[in-house]
Structures are given as C-alpha cells and as structure tokens.
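The structure under discussion appears below in the form of structure tokens.
Computed from a predicted structure; not experimentally measured.
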Amino acid sequence: MGGISIWQLLIVLVIVLLIFGTKKLRNMGGDVGSAIKNFKGAMKEGEKPGDETAEGGEQTDEQDEGRVIEGEVTSKRKEKV
C-alpha cells in the first residue's frame, strides 16, 4: 500500500500521451531545453571578469584609462593674456 508502482506510472504516462499527443510533448520539451540553454548562457555572461567594477562598486583609475567621455571641455581657471 502507500507507494506508486511502475504500472500506475505507465498508466499516467499513457493518459498524458493521449491528452497532449507526442508532437505537443516534443515541442514543450524543446522549449524547456532552449529556455534552460538561454538561462545558462545569460549566467555565463554575468560572470565575465571584465564586466566587474572594483570593490565597493566604484571604478579605479586603471579602468578609467580606456574610457572616452564625450562633451564640451571647459576650464575653471582664467587664462592671462
């Protein structure tokens, strides 16, 4: 008593196949597989060491060297003529 036997599992499997059909189950399996693959790829992208900033969330001078900031150059000091 109590446990699920192999025959009960086979009956449930046959009922599921009759309700959904093999083609729909195959499509759902492919969708789940591609979703897992995309999730793993996104996790690997998040772990790239070049994307991280220094501890504390601030960038260091070494990380700023290659960065280009566009804008107008202004000076606070006045030039003597």
### Task
Would you mind listing the cluster partners of Leu25? Hydrophobic ones only (ILVMFWY), side-chain contacts under 4.5 Å, chaining allowed.
Ile11, Val12, Leu13, Ile15, Val16, Leu17, Ile19, Phe20, Met28

### Task
For Ser34, check side-chain contact (heavy atoms from CB on, under 4.5 Å) against everything at least two apart and list the hits.
none

### Message
Can you list, by chain and residue number, the hydrophobic cluster partners of Val14 when the side-chain cut-off is 4.5 Å?
### Response
Leu18

#### Entry: From CD (Gln8) to CD1 (Ile6), nearest 0.5 Å
10.0 Å

### Query
Apart from Ile4 itself, what residues make up its hydrophobic cluster when side-chain heavy atoms of I, L, V, M, F, W and Y under 4.5 Å apart count as a link, directly or indirectly?
Leu9

## Note on the structure
Apart from Val32 itself, its cluster of hydrophobic side chains linked below 4.5 Å comprises Ile36

